[in-house]
Asker: 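To start, I am sharing the structure in question, which I have written as structure tokens.
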Amino acid sequence: MTTMTNASVREFKMPDVGEGLTEAEILKWYVQPGDTVTDGQVVCEVETAKAAVELPIPYDGVVRALHFPEGTTVDVGTSIIAVEVAGGAAPAAGAPAAETEPAPAPQEPREPKAEGSGRQPVLVGYGVATSATRRRPRKAAPEAPAGQAAVSVQAELNGRTPAPEPVAEPAAARQRPLAKPPVRKLAKDLGIDLATVIPTGPDGIITREDVHAAVSATQAPEPEVQAPAPAPAAPAAAPAPVSYDTARETRIPVKGVRKATAAAMVGSAFTAPHVTEFVTVDVTRTMKLVEELKEDKEFSGLRVNPLLLIAKALLVAIRRNPEINASWDEAAQEIVVKHYVNLGIAAATPRGLIVPNIKDAHAKTLPQLAESLGELVSTAREGKTSPSAMQGGTVTITNVGVFGVDTGTPILNPGESAILAVGAIKPQPWVHKGKVKPRQVTTLALSFDHRLVDGELGSKVLADVAAILEQPKRLITWA
């Protein structure tokens with residue numbers, strides 16, 4: 001054990017990594033007891049109801065204890081790691097307060113909190129949501145050999161740190177397989193022990209392909225063993241069909257982003273009276289403009305696709321009908337019209353559906369909007385979307401067309417009054433200049449909160465978007 005003179009042990013507590021959040025799940029530890037850490041070093045990754053976030057330690061020292069294993073949901077303000085700090089130096093300025101205190105005992109599953117007993121995660125636009133924090137069940141770890149015990153932080157504070165007995169540590173405890181959270185989830189769903197998987201990724205990281213290869217290996221037929229020929233028997237009846245899946249069910253814990261999304265959608269569906277209108281539109285000219293913009297030097301290095309022009313069309317429609325960009329204040333009984341547009345883009349990620357938004361999208365030029373869309377999509381796919389990027393949205397676009405779907409009835413993002421769904425763009429017979437011709441056609445669906453958006457306003461906005469996509473020159477004439 002590393003010895004530090006005039007040292008004290010500090011407890012680093014789970015910070016509030018997102019506005020209004022009260023809990024987070026520990027996804028991965030990057031350090032172990034005995035490791036040396038420095039101010040600003042990332043020690044773990046946690047998942048909140050909004051995003052995965054890496055937590056830096058706010059001081060230098062040596063890790064003495066990790067109070068919770070990976071997969072545990074921990075309340076904000078609860079100590080998660082003990083660090084021995086030389087000289088008892090105070091935490092860096094601006095760091096979360098960490099008092100010297102005994103290490104907490106491992107938590108048992110917690111009972112749901114009674115109403116009014118504590119603050120719960122806030123869903124944007126709908127106040128405080130009632131939920132209970134809990135620790136997800138985990139597989140039992142191997143028991144420590146007799147005579148081996150964890151060194152308590154209190155004993156270290158009293159200067160009576162006993163030297164642990166030299167006991168051989170299991171290999172699995174010394175080296176935990178390296179894999180990203182989505183890969184760990186895949187392995188768990190398929191019943192694969194990551195310790196048995198051969199990694200092929202950089203730095204020994206296990207990839208999704210490695211997990212699938214392990215599944216194929218476990219399903220490989222065993223060598224046939226020569227057995228005595230059985231005596232002739234009467235023909236048997238045809239065997240019953242074999243189930244394609246020996247595991248009849250798979251249970252997936254509802255947590256993190258998926259849990260927050262489910263609660264938000266239920267709250268939105270049963271709070272805001274939804275109305276959805278549809279329009280089918282010829283977007284052939286828009287598709288031609290997309291191809292022309294790809295060759296324009298102003299868009300060099302930028303991703304240009306139909307979503308870019310659809311987003312711009314919606315922004316123009318909002319400028320012509322600003323009352324659509326609003327929210328309902330239940331407490332004050334007021335309609336709040338926003339004079340800015342934070343444009344949300346629904347994105348399907350391995351962690352679930354998230355809706356990051358482009359701040360002040362109304363003020364961006366078309367190239368700037370293309371750049372912002374590209375950054376938003378790439379960040380979401382990498383799972384690095386920050387909590388702040390998913391707060392403050394005013395109106396949302398969901399592109400169901402990428403899945404080959406013609407249309408749908410989208411549910412409002414909580415706190416917003418409108419959401420536009422874009423269907424698949426594909427060639428269809430269409431009457432154009434008095435003749436039936438193949439044209440590029442799509443269907444748009446606009447859902448809105450009927451408390452503050454009536455049929456006239458909703459229809460005007462949807463008609464404006466359709467008109468712009470049919471004649472994209474209106475992006476200039478209506479600007």
Side-chain angles (χ1 to χ4, degrees), residues 17-19 21 27 42 45-56 124 180-182 256-257 260-261 264 286-287 289-319 325 338 340-403 410 413 415-416 418-422 425 465 469 472 475:
V17 294
E19 181 182 353
L21 300 178
L27 288 181
V42 174
E45 182 181 22
V46 300
E47 181 181 42
T48 70
K50 297 182 178 180
V53 182
E54 292 181 332
L55 297 184
V124 179
K180 295 182 179 179
V257 172
T261 300
T286 290
M287 298 303 290
L289 179 56
V290 168
E291 296 304 317
E292 293 174 4
L293 292 178
K294 289 180 180 179
E295 305 299 325
D296 194 310
K297 64 179 182 179
E298 294 294 330
F299 293 86
S300 176
L302 299 177
R303 184 178 180 182
V304 179
N305 54 24
L307 180 60
L308 171 62
L309 295 184
I310 292 169
K312 190 64 176 178
L314 179 59
L315 292 171
V316 172
I318 291 173
R319 184 168 68 247
N325 188 47
K338 312 294 177 63
Y340 58 92
V341 181
N342 290 344
L343 181 62
I345 304 294
T349 72
R351 297 177 55 248
L353 179 69
I354 62 175
V355 189
N357 60 77
I358 300 173
K359 308 298 184 186
D360 294 325
H362 67 286
K364 295 182 180 293
T365 64
L366 197 58
Q368 291 172 340
L369 188 61
E371 182 179 8
S372 298
L373 277 171
E375 292 176 353
L376 180 147
V377 172
S378 62
T379 302
R381 287 176 177 173
E382 294 171 0
K384 297 181 179 179
T385 303
S386 65
S388 61
M390 291 183 284
Q391 297 172 358
T394 63
V395 67
T396 295
I397 296 176
T398 177
N399 186 7
V400 298
V402 296
F403 305 108
N413 204 32
E416 300 178 12
I419 178 171
L420 178 70
V422 182
I425 300 174
V465 174
L469 296 180
L475 289 173

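Here the structure is a predicted model, which is why all the values come from computation and not from measurement.
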Asker: Quick one: side-chain contact (heavy atoms from CB on, under 4.5 Å) partners of N325, sequence neighbours excluded?
Answerer: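 Result, side-chain contact (heavy atoms from CB on, under 4.5 Å) vs N325: I318, K338, V341, T394, V395.
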Asker: Is any side-chain heavy atom of L307 closer than 4.5 Å to one of V402?
Answerer: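 No, side chains not in contact.
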Asker: Just so I know, are the side chains of L366 and K312 near enough to count as touching, which here means a heavy-atom distance under 4.5 Å?
Answerer: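 Result yes, sub-4.5 Å side-chain heavy-atom pair found.
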Asker: Which residues pass the side-chain contact (heavy atoms from CB on, under 4.5 Å) test with L376, not counting sequence neighbours?
Answerer: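 For L376, the residues satisfying side-chain contact (heavy atoms from CB on, under 4.5 Å) (neighbours in sequence not counted) are I345, P356, I358.
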Asker: Verify side-chain contact (heavy atoms from CB on, under 4.5 Å) between L369 and L315, making sure each step is shown before the conclusion.
Answerer: CA-CA 11 Å; L369 188 61; L315 292 171; 4.0 Å; yes
Asker: Just how far is it from atom OG of S300 to atom CD of E295, taken to the nearest 0.5 Å?
Answerer: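 Taking OG in S300 and CD in E295, the distance rounds to 10.5 Å.
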Asker: Considering all heavy atoms of both residues, which atom of A313 and which atom of L469 are nearest to each other, and what is their separation?
Answerer: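 Closest pair (atom of A313, atom of L469, distance): CB-CD2, 4.1 Å.
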Asker: Would you indicate whether the side-chain heavy atoms of T286 and I425 approach each other to under 4.5 Å?
Answerer: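 No - every pair of side-chain heavy atoms lies 4.5 Å or more apart.
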Asker: Can a donor-acceptor pair be found, under 3.5 Å and without considering hydrogens, that links the side chain of N357 to the backbone of A389?
Answerer: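 Yes, because the side chain of N357 sits within donor-acceptor range (under 3.5 Å) of the backbone of A389.
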Asker: Quick check for you: to the nearest 0.5 Å, what is the distance between E47 atom CD and L27 atom CG?
Answerer: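 Answer for the CD-CG pair, E47 versus L27, is 5.0 Å.
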Asker: Please examine the side chains of D296 and E292, heavy atoms only from C-beta on, and report whether any two atoms are closer than 4.5 Å.
Answerer: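 Answer no - side chains too far apart.
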Asker: Give the minimum heavy-atom separation between E54 and P56, together with the two atoms involved.
Answerer: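 Minimum heavy-atom contact is O-CD, 3.6 Å.
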Asker: Ignoring hydrogens and angles, tell me if any N or O in the side chain of N342 forms a donor-acceptor pair with the backbone of D360 under 3.5 Å.
Answerer: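 Flag set: sc N342 to bb D360 pair under 3.5 Å.
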Asker: Less than 4.5 Å apart, any side-chain heavy atom of N413 and any of I419?
Answerer: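 No, every pair of side-chain atoms sits at 4.5 Å or beyond.
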Asker: What distance separates R303 CZ from E375 CD, expressed to the nearest 0.5 Å?
Answerer: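 Spacing of CZ (R303) from CD (E375) equals 13.5 Å.
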Asker: Tell me, with the steps shown, if T398 and L353 meet side-chain contact (heavy atoms from CB on, under 4.5 Å).
Answerer: CA-CA 11 Å; T398 177; L353 179 69; over 6 Å; no
Asker: Taking all non-hydrogen atoms of both residues, which atom of I397 and which atom of A311 are closest, and how far apart?
Answerer: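 Looks like CD1-CA, 3.6 Å.
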Asker: By salt bridge (Lys or Arg N to Asp or Glu O under 4.0 Å), which residues pair with K384, not counting sequence neighbours?
Answerer: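 Listed in chain order: nothing, the list is empty.
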Asker: Could you report the tightest heavy-atom contact between P472 and L289, atom names first, then the distance?
Answerer: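 Closest heavy-atom pair between P472 and L289: CB-CD2, 3.7 Å.
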Asker: Give me the atom names and distance for the closest heavy-atom approach of A361 to L343.
Answerer: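 Looking at all heavy atoms of both residues, the shortest contact is CB-CB, 3.8 Å.
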Asker: Would you check if M287 and E291 make a side-chain contact, meaning some heavy-atom pair closer than 4.5 Å?
Answerer: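 A side-chain contact is absent here, since even the closest heavy-atom pair is not under 4.5 Å.
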Asker: Write down the atom of I354, the atom of A380, and the distance for their closest heavy-atom approach.
Answerer: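 For I354 versus A380, the nearest heavy atoms are CD1-CB, 4.0 Å.
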